[in-house]
Amino acid sequence: MYAFTYQRPTSLADAAAAIQAEEAKLLGGGQTLLPTLKQRLARPTDLIDLGAIPELKGIREADGGLEIGAFTRHAEVAHSDLVKRVIPSLASLAEGIGDRQVRNMGTIGGSIANADPSADYPSAVVALKATVTTDRRSIAGDDFFTGMFETALEPGEIVKSVRFARPDKAAYAKFRNPASRYAIVGVFVAKFGAEVRVAVTGAAGSVFRAEAFETALSADFRAEALNGLSVEADGLNADIHASADYRAHLVTVMAKRAVEAAG
Amino acid sequence: MANPNGIGASVRRREDQRFLTGRGNYTDDFKRPNMTHAVHVRSPYAHARILGIDFADAAAMPGVVAVLTGADMEADKVGSLPCGWQIHSKDGSPMKEPPHYPLARDRVRYVGDAVAVVIAETREQARDAAEMVVVDYEELPAVGSSTRAIDGGAPLVHDDAPDNVCYDWHLGDQAAVDAAFANAAHVAKIDLVNQRLVPNAMEPRAAMGEYDQSSGEYTLTTTSQNPHVTRLLMGAFVLGIPEHKLRVVAPDVGGGFGSKIFHYGEEAVVTWAARKVGRPVKWTADRSESFLTDAHGRDHVSHAELAMDADGNFLALRVSTLANLGAYLSTFAPSIPTYLYATLLAGQYKTPAIYAEVKAVFTNTAPVDAYRGAGRPEACYLIERLVDVAAGVMGMDKTEIRRRNFVPKEAMPYQTPVALQYDTGDFAKNLDIALPLVDYPGFQQRRAESKARGKLRGIGFATYIEACGIAPSNVAGALGARAGLYECAEVRFHPTGSVTVFTGSHSHGQGHETTFAQIVAERFGIPIENVEIVHGDTNKIPFGMGTYGSRSLAVGGSALVKAMDKVERKAKKIAAHMLEAAETDIEVKDGRFTVAGTDKSLGIGDIALQAYVPHNFPLDELEPGLDEQAFYDPKNFTYPNGCHVCEVEIDPDTGVTTIVSFAAVDDFGNVINPLIVEGQVHGGLVQGIGQALYENCVYDEESGQLVTGSYMDYCMPRADDVPSFTVCYHEDQPCTHNPLGVKGCGEAGTIGAAAAVMNAVVDALSDYGVTHMDMPATPEKVWRTIRDAAPAPTPAMAAE
Ligand SMILES: Cc1cc2nc3c(=O)[nH]c(=O)nc-3n(C[C@H](O)[C@H](O)[C@H](O)COP(=O)(O)OP(=O)(O)OC[C@H]3O[C@@H](n4cnc5c(N)ncnc54)[C@H](O)[C@@H]3O)c2cc1C
């Protein structure tokens with residue numbers, strides 16, 4: 001790591017002020033940022049640790065759904081009785097992130113701000129009609145992820161919380177990369193009345209909705225409704241772990257499994 | 001009375017207390033006053049000419065003590081890293097042995113090849129400065145794989161190795177094999193790749209050099225499996241330091257799996273630099289460096305054919321292998337695809353004629369050398385895959401074809417057609433034990449149940465035999481080894497009866513501090529707490545050869561027994577003197593020395609005290625002291641063997657393979673500590689399973705860049721990837737030529753497991769006409785194989 005100045009503000013306002021410094025970086029759970037620093041791939045002048053800011057913490061019921069503070073660790077979401085009761089699929093998604101050490105450190109705010117194409121949370125943000133609240137505004141989940149490692153956040157904007165709507169039924173099915181355990185393909189299926197959302201992560205540069213799947217499932221919420229449907233392999237990610245056509249195939253398989261799990 | 005901590009007791013590892021509580025003392029834990037830190041500048045190119053190195057800016061960075069390059073080493077007449085084994089080609093010519101300098105001089109030959117070293121007050125300062133070293137490279141075309149290396153017109157890794165060939169070697173009777181094939185009723189054939197692996201010891205390599213100006217002595221503390229070998233190679237060949245001025249210490253070492261046998265350039269760099277800068281110099285690899293520069297394992301491409309008569313009896317085996325040695329010859333690299341591989345190609349079978357050709361080539365990749373099993377997993381995998389193909393050709397049951405061709409117990413000792421002589425082994429018995437363990441008769445029903453759930457179930461068998469101990473010096477010498485292959489031990493009784501053992505074996509996870517102490521406790525009837533095992537320091541132990549090739553117990557343990565024999569002989573003399581009896585009348589049992597037919601006796605503790613308080617010794621007949629040393633050079637290799645059975649279930653929708661069960665039946669000869677043996681087998685199995693399903697070291701063929709340079713891409717097996725193992729052994733066939741009757745257990749799991757898993761995977765896919773798949777059986781590969789095979793769908797699958 002290169003040397004940097006470490007700051008640990010205790011209010012959102014102080015953090016917002018501190019992040020204005022040139023080349024300052026926000027520090028969530030550090031599960032992406034610290035390895036990057038250790039490999040000397042980034043050279044921030046200041047690290048603004050968000051871990052001591054009360055406004056960024058906690059899980060509450062809100063508008064019938066859930067509001068989760070940005071600095072909430074994956075393990076907290078996974079083990080929260082409230083999450084398990086209101087949106088159990090979200091708890092099980094969190095339980096499937098990385099490994100125990102990563103879950104004990106990584107945060108939801110850091111995960112979505114980072115917008116890794118193979119991260120799990122982006123699928124929930126889109127499928128569960130989330131709203132991302134920052135220190136400046138509210139951003140609809142559908143508009144939040146704009147590309148590979150890209151979001152609608154402006155420089156220095158801090159994610160404060162994420163509000164998820166409560167679905168009637170939902171499940172997340174993940175095909176994990178055996179090495180990193182990120183998602184090679186992850187499909188979040190959520191049913192709100194007649195509306196069904198199918199959000200796919202891992203497969204492409206950014207999370208996307210499989211509209212043909214949504215239409216089919218809105219008419220018939222059973223795995224069989226997806227028979228014969230698939231997403232276009234063109235443009236999907238390809239690496240040594242999975243080619244684009246394998247990923248396209250997995251999207252259908254995982255979508256069916258999610259529907260089955262949602263019941 | 002049996003010693004509760006003696007031979008055969010599952011004593012818990014005494015060393016674990018310090019390991020599990022973070023009190024181990026690893027190389028990186030050592031701190032010295034005034035210590036400096038080294039960081040290497042490494043080549044980002046697989047192949048390039050070094051046109052110049054500009055380190056003026058780096059040298060001016062804060063905290064920098066020195067920036068040193070290959071030119072400085074050349075000026076100091078630092079030599080090339082030596083190779084410890086010479087192979088001769090078919091035509092009698094010696095292998096190509098290009099120089100391998102600790103810091104590259106004019107050309108770099110793999111990504112990670114060291115070009116310069118920066119020494120600074122702190123590691124971060126050294127890293128900062130290393131980034132400022134500007135190396136002017138002229139990039140050259142690279143060779144990223146063995147098949148590309150021999151592709152006519154490939155770039156040359158070394159100008160003096162035409163066609164990139166290091167050697168073109170063979171073993172066996174080609175004429176006899178050709179004749180047998182001419183008369184064969186059936187022939188089974190296979191083409192397979194045994195992919196390259198990264199060893200991934202938990203502790204990365206590290207080295208600290210020190211130089212004492214007043215005494216002229218150097219000390220190297222290093223992550224080594226064999227400190228004396230490093231002392232000899234580095235002292236005599238690289239740095240020109242005589243042994244009495246060079247101490248090599250290998251303290252606690254966090255795993256090696258072979259990768260820490262070898263003498264590496266960084267060890268020479270820190271030792272040499274310590275004198276140059278006049279301060280201790282420490283280097284610790286980070287994980288990325290480990291991926292790039294630890295000697296890798298395996299990397300074979302092979303074709304094999306098996307000739308059979310009409311009844312499925314094996315007549316002859318023909319094997320041709322292309323082995324990738326990487327950019328330079330690592331210490332024992334040439335011996336791995338030859339004498340540790342081709343000599344094992346008989347496996348457990350009485351195939352009368354075998355011929356193997358091995359072409360070893362240079363590529364622009366990290367050096368390849370011994371990795372757990374070293375040559376023997378490659379042999380086992382090839383034979384056992386081929387035997388499964390042969391069963392298919394013959395339409396025979398996979399256990400039946402094996403049983404039919406086993407070397408029978410009665411044929412022991414058995415001379416194979418590929419140089420080895422097996423001493424003992426009852427291969428049919430291993431299989432007989434295994435079959436009920438895995439409920440083989442019930443398999444078809446389990447397969448049908450899986451099918452009903454839309455899953456594919458397969459069962460795979462692998463029998464293995466390995467040659468361990470890495471044995472008699474005279475044989476090894478005749479085969480090209482440039483080292484002796486014995487082991488040493490010293491047993492020092494102290495006046496109050498406690499014992500310190502100095503062993504040349506080195507423990508880096510094997511548990512010697514426990515097992516070796518058990519052997520001593522048993523022999524002398526003393527509490528295990530009274531025995532201390534010392535290893536890993538050339539200033540303390542006699543010249544030892546270290547630990548690799550499952551040799552610690554078979555060779556090091558035998559040396560220990562030999563030293564204990566000497567102690568006992570001496571103790572007997574002392575007892576005879578003290579008890580005023582003839583030496584011939586003294587009977588010894590469990591450390592008690594009794595005059596035959598009387599109740600006059602002494603314990604070893606009394607004798608030890610007398611040995612150091614010799615008030616009335618007849619000094620011309622009896623020396624004081626009770627401290628004996630022995631060197632043991634084995635008569636033969638030892639031959640652990642066994643039968644592994646794996647059952648898998650494949651999800652055809654995703655291609656994911658799940659290991660449902662795994663049973664290992666092993667013959668390790670006598671077992672000193674069942675708990676440790678079981679642990680060694682578990683670890684070995686996981687490594688073999690890792691190769692079969694997960695691990696794959698990938699270089700880009702054209703650019704020579706390492707694609708799988710971190711755990712994000714290089715997949716290690718984890719605890720939740722494997723089932724609970726069924727592990728058992730029998731002790732019916734002890735080794736006949738060492739005093740403990742032991743064979744070794746360190747590598748066995750790795751040797752059998754990969755073949756067992758892959759045979760199970762192929763069996764699961766047999767409905768699709770699949771007869772082979774290369775490792776690792778990744779989900780995508782399995783899925784694609786199923787998709788492309790387009791079988792007649794079974795009813796259960798059609799319903800899906
Ligand atoms: C071995 C390993 C395995 C993993 N496996 C998975 C997996 O399976 N699935 C998965 O989804 N993820 C996985 N991760 C990622 C991990 O779960 C974290 O979610 C992720 O690293 C980012 O969260 P963090 O809190 O650690 O953020 P950090 O690493 O601290 O920060 C990441 C980025 O987000 C920014 N940031 C942090 N907090 C905020 C905020 N409140 N507002 C604005 N910007 C912010 C930072 O400035 C930085 O740019 C894995 C990580 C590791 C190391």
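Every chain is numbered from 1, with letters handed out A, B, ... down the list of sequences.
Using a 4.5 Å cut-off between heavy atoms, B:Thr654 touches chain A through backbone and side chain atoms alike. Looking at A:Thr252, there are no atoms closer than 4.5 Å to chain B (heavy atoms on both sides), in backbone or side chain. For A:Asp245, the parts sitting under 4.5 Å from any heavy atom of chain B are the backbone and the side chain alike. For B:Asp286, no part lies under 4.5 angstrom from a heavy atom of chain A. Heavy atoms closer than 4.5 Å to chain A are found in the side chain of B:Glu131, but not in its backbone. Proximity to chain A involves both the backbone and the side chain of B:Pro779, based on heavy atoms less than 4.5 angstrom apart. Heavy atoms closer than 4.5 Å to chain A are found in the side chain of B:Arg784, but not in its backbone.
A salt bridge links A:Arg181 and B:Asp721; the closest N-O separation between the charged side-chain nitrogens and carboxylate oxygens is under 4.0 Å.
Taking CZ of B:Arg718 as the start and CG of A:Asp99 as the end, the distance is 6.5 Å to the nearest 0.5 Å. Summarising the geometry, atom NZ belonging to A:Lys38 is positioned 11.0 Å from atom OG belonging to B:Ser288; distances are rounded to the nearest 0.5 Å.
For B:Glu124 (side chain) and A:Tyr2 (main-chain N/O), no donor-acceptor pair under 3.5 Å exists by modelled atom type.
When every heavy atom of B:Cys715 is checked against every heavy atom of A:Pro178, the shortest pair comes out as SG-O, 3.2 Å. Scanning both residues, B:Asp653 and A:Val253, for their nearest heavy atoms gives O-CG2, 3.8 Å.
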Inset, instruction - May I have the step-by-step check of salt bridge (charged side-chain N to carboxylate O under 4.0 Å, His left out) for A:Arg176 and B:Asp720, ending in yes or no? - result: CA-CA 13 Å; A:Arg176 65 185 190 188; B:Asp720 61 354; 3.8 Å; yes
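Residues B:Glu780 and A:His241 form no side-chain contact, since every pair of their non-hydrogen atoms from C-beta on lies 4.5 Å or further apart.
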